[in-house]
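Chain identifiers are assigned alphabetically (A, B, ...) following the order of the sequence lines, protein sequences preceding nucleic acid strands; residue numbering begins at 1 within each chain.
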Amino acid sequence: MKLATWNVNSLNVRLPHVMKWLEENPTDVLCIQETKLTDDKFPVTALETAGYQVAYTGQKTYNGVAIISKLPITDVVKNNPKFEDAQQRILAATIDGVRVVCAYVPNGQAVDSDKYQYKMAWLAAFHEWISEEAALHPQLAVVGDYNIAPEDRDVHDPAAWVGMVHVSPKEREALQRLLEIGLVDSFRLFEQPEKSYSWWDYRNLGFRLNKGLRIDHILLSDALRQRCTGCVIDRAPRKWEQPSDHAPVIATFS
DNA sequence: ATGGCCGGGAACCCCGGA
């Protein structure tokens with residue numbers, strides 16, 4: 001089984017990239033974020049014709065998440081039942097006995113901004129809900145754009161990022177609390193190249209100079225960790241024409 | 001370098017992203 005997460009930064013623009021990537025990288029479950037599409041605009045036909053089932057929840061202009069799967073999708077839940085949220089950022093579903101949570105964690109904009117307060121409140125409620133999901137579903141994968149770089153080695157220039165959103169101690173603690181539920185960052189289960197990132201700024205030749213952050217993660221419960229045989233970041237689509245600023249992260253399972 | 005890039009939506013600038 002192969003499970004991937006990718007912030008596509010507008011599915012309207014990136015649908016061809018998604019289709020091409022799925023063709024080149026047969027994937028059982030692809031979780032995407034920032035679709036920026038209302039549900040009536042979701043490209044159901046294109047994906048179904050390619051042999052995938054879909055679940056999605058979106059809104060105009062911002063946010064929006066979806067799960068694209070070769071295998072049947074059941075027990076779909078939209079949003080965190082414990083957090084009233086007008087923003088469409090969470091989709092959970094069961095696929096092949098695995099509970100998959102696709103999440104787009106708020107950006108936070110700047111430490112101590114209103115958006116940062118929202119991010120922290122969102123993460124607290126997410127922790128509460130994921131704790132329960134973990135108790136209910138031994139095989140749990142919590143994947144998506146976390147907008148948090150866990151450690152300094154996940155940041156191209158840690159000194160330059162001190163005090164910035166994505167690396168602040170409070171955000172990192174929130175991610176750590178999620179891990180304490182019994183989840184593991186699948187990327188760090190395996191030897192990885194130095195300076196591995198999943199996002200690069202469009203500006204300043206960010207990708208060319210590998211000035212990035214590793215903020216997209218696949219967190220796994222212990223039962224899934226036992227089955228995990230690899231986790232990689234696929235930089236290839238970041239080199240395509242008109243790319244998303246994020247790259248897919250892929251975990252494989254026995 | 002005080003910044004550069006994107007996408008969306010409403011217009012030909014501004015917001016949000018990270």
Using atom OH of A:Tyr202 as one end and atom C1' of B:dC6 as the other, report the distance to the nearest whole Å. 5 Å
Let me know the distance between CD of A:Glu34 and C1' of B:dC15, rounded to the nearest Å. 13 Å
In this structure, CG of A:Leu3 is separated from CD1 of A:Ile250 (nearest 0.5 Å) by 10.0 Å
I want to check one thing: is the phosphate of B:dC5, taken as OP1 and OP2, less than 4.0 Å away from some side-chain N or O of A:Gln242? no
Less than 4.0 angstrom between a side-chain N/O of A:His246 and OP1 or OP2 of B:dG17, yes or no? no
Could you tell me the separation between the NE2 atom of A:His17 and the P atom of B:dC6, rounded to a whole number of Å? 12 Å
Show each protein N/O and nucleotides 8-10 of chain B N/O combination with a separation under 3.5 Å, one pair to a line.
{"unit_1": "B:dG8", "atom_1": "OP1", "unit_2": "A:Ser10", "atom_2": "OG", "d": "2.3"}

To the nearest Å, give me how far apart CD (A:Glu171) and P (B:dA18) are. 12 Å
When you measure from the side-chain N and O atoms of A:Tyr104 to the phosphate of B:dA18, is any distance below 4.0 Å, counting only OP1 and OP2? yes
Transitive ILVMFWY side-chain link A:Ile181 to A:Phe187, under 4.5 Å: no
Categorize A:Asn63 for me: base, sugar-phosphate, or nothing, with a 4.0 angstrom heavy-atom threshold over every strand shown. nothing
Taking OP1 and OP2 of B:dG7, is either one under 4.0 Å from a side-chain nitrogen or oxygen of A:Arg14? yes
A:His217 has an atom NE2; how far is it from atom C1' of B:dA18, in whole Å? 13 Å
Is the Lys NZ or Arg CZ of A:Lys211 less than 6.0 Å from the centre of A:Trp200's six-membered ring, within 45° of the axis? no
Under 30°, 30 to 60°, or over 60°: which ring-plane class applies to A:Trp122 and A:Phe83, parallel, tilted or perpendicular? perpendicular
What's the separation between atom CG in A:Asp114 and atom CD in A:Gln109, rounded to the nearest 0.5 Å? 9.5 Å
Closest heavy-atom pair and its distance - A:Gly144, A:Thr5: CA-OG1, 3.2 Å
A:Gln33 CD to B:dG17 P, straight-line distance once rounded to whole Å: 14 Å
A:Arg89 CZ - B:dG16 C1' separation (whole Å): 10 Å
Hey, is B:dA10 sitting syn or anti, using the within-90° cutoff around 0? anti
Before we go on, tell me: are the rings of A:Trp6 and A:Trp21 under 6.0 Å apart, centre to centre? yes
Within 45 degrees of the axis of the six-membered ring of A:Tyr104 and under 6.0 Å from its centre: does A:Arg89 put its NZ or CZ there? yes
Looking at every strand, decide which applies to A:Leu213 at a 4.0 Å heavy-atom threshold: base, sugar-phosphate, or nothing. sugar-phosphate
Rounded C1' spacing from B:dG16 to B:dA10 in Å: 15 Å
Atom C1', compared across B:dC12 and B:dG7: separation rounded to whole Å: 16 Å
Return the minimal non-hydrogen interatomic distance between A:Ile130 and A:Leu183, and the atom names on each side. CG2-CD1, 4.0 Å
Among residues 145-169 of chain A, which residues get a heavy atom nearer than 4.0 Å to DNA chain B? A:Asp145, A:Asn147, A:His166
Under a single-linkage definition using a 4.5 Å side-chain heavy-atom cutoff for Ile, Leu, Val, Met, Phe, Trp and Tyr, are A:Ile95 and A:Ile68 assigned to the same hydrophobic cluster? no
When rounded to the nearest Å, what value does the distance between C1' atoms of B:dT2 and B:dA11 take? 28 Å
What distance, rounded to whole Å, do you find between the two C1' atoms, one in B:dA1 and one in B:dC15? 24 Å
Starting from C1' on B:dG16, measure out to OH on A:Tyr118 and report it in whole angstrom. 13 Å
By nearest-heavy-atom nucleotide on DNA chain B, the more 5' of A:Asn7 and A:Asn204 is A:Asn204
